[in-house]
Amino acid sequence: MSKQLQLPETFLSFLEANGIDPSIYNHGDSLPRYVRLKPGFEDAVQEIESEINCKLEQLNWLPGFYSIPPHVHIARSKAYQQGKMYGIDAASGAAVSALGISPGDHVLDLCAAPGAKLCMMLDLLGDKGTATGVDVARHRLSACRTMLQKYGLGDRSRLFLADGTTFSLPPTPNLPCGSCDEETFKEWTSRRPYKERKQAAKTRNNFVLPHDALPEIIFYGQSSGVIGLTKKELFRSLDQNDYANCGYDKVLVDAECTHDGSIKHIQKFEQWGWTTLERRVLDAERTDTNLTALQLNLLRNGFRLLKQGGILVYSTCSLTHAQNEDVVDQFLAESSSAELQEIEMAKEWPCRSGRTPKTVRFDPSTSATSGLFVARIKKMPPKEAEKNVL
């Protein structure tokens, strides 16, 4: 039986103002946990079941995903420690699937930490293409780097400490200077030069990057296209029109939000203290103005970096309309080249339609997952974009 969570009045008021049923927060102890097996380890299911002493229930609507009972912990299992599987909510997996990633794509995760979705993106790329992860928090991005290395997925990836609303670096062209005299990037090593270590020590207490700071690369793999480039080549920005041809094939904007759809996240505030919830989630200025502006700017920039014909997925784990449909509707109203697309595979998903047609929503009651909103947007060629204006 699920534990009755004693939510504070301020949070109940927030839920009421946003039309959210507070009873969903009593589902937390009954929701299954989800894991994804890395491709190639499908034959290890029985071995894993024997070790964690429970059955892995395969999801018929999401390849590679399995559910396990909520009380089962995988951190001490050999399969987890050896990088054969990782924990990721099925709803988050659905958002990545909606991108339709193909081997050879150049993909961008604009809010990448802590890294599970980026791992799945790299799994889908296989041995072709590249993945770029961006995040504004240094300590979370370091955890992301550790995750990529643990699961052997670092080879085709780059990680940048940068502001997702202003990040402007295209996929690496893999065209090193060759004949120039400037110093080029060598194979990545965790040992940093003295100058870099000194700079890192200065900024160690700054967990979040200042808004006007330049991007900083904190990891790159052997096949990421970085080795052999000069700093000038790596950190070049394109003219606005050039992104249509040289931008990313797929962009995920899993935007910062109030996390009210993540039942387990909200449950943690019972230990952390409800005043922490009020500061992090319910601060009126942050929730009503600054946060939705941030979400819209992340969406705008992700779309700007997208190649013509490319796909962007916007998602949040909030259940509110303000952080989801309202943001998408405003963006579509101002972007003639953006086309909201039906997510065909969602017909098989245990989800419901969002308020805006063609968007979808996961929630604990409907989906037995965390709450998640998902919208799929395509960047249309100029001639087709003109039709959207007419």
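We use all heavy atoms of the structure for the numbers below, so side chains are in, but hydrogens, waters and symmetry mates are not.
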Answer yes when [X] and [Y] have at least one side-chain N-carboxylate O distance shorter than 4.0 Å, and no when they do not.
X: R361; Y: E325; answer: yes
X: R156; Y: D127; answer: no
X: E342; Y: K347; answer: no
X: D254; Y: K117; answer: yes

Review point. Taking E51 for the side chain and K78 for the main chain, is one N or O donor matched with an acceptor at less than 3.5 Å?
Key: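 A pair under 3.5 Å: yes.
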
request  = Validate the cation-pi geometry between K55 and Y66: distance from NZ or CZ to the six-membered ring centre under 6.0 Å, angle to the ring axis within 45°.
outcome  =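 No.
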
- Task: Measure from NZ or CZ of K379 to the centre of the six-membered ring of F303 and say whether it is under 6.0 Å with the direction within 45° of the ring axis.
- Result: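 That pair qualifies as a cation-pi contact.
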
Please verify the inter-ring angle class for H265 with H259; under 30° counts as parallel, over 60° as perpendicular, anything in between as tilted.
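The arrangement is tilted - the two ring planes meet at 30° to 60°.
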
Would a line drawn from the ring center of Y25 to the ring center of F269 be shorter than 6.0 Å?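 Between F269 and Y25, which both carry aromatic rings, the centre distance is not below 6.0 Å.
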
Against F160, only a single residue in F219, Y220, F167 fulfils ring-ring contact (aromatic ring centres under 6.0 Å, His included); can you say which?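 In the set F219, Y220, F167, the residue that makes a ring-ring contact (aromatic ring centres under 6.0 Å, His included) with F160 is F167.
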
Worksheet item: Under 3.5 Å, is there a donor-acceptor pair between the D89 and S92 side chains?
Response: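 Side-chain D/A pair, D89 to S92: absent.
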
> Is there a side chain to side chain donor-acceptor pair (under 3.5 Å) between T316 and N324 once you walk through the steps?
Replying inline: CA-CA 7 Å; T316 84; N324 295 309; 2.6 Å; yes

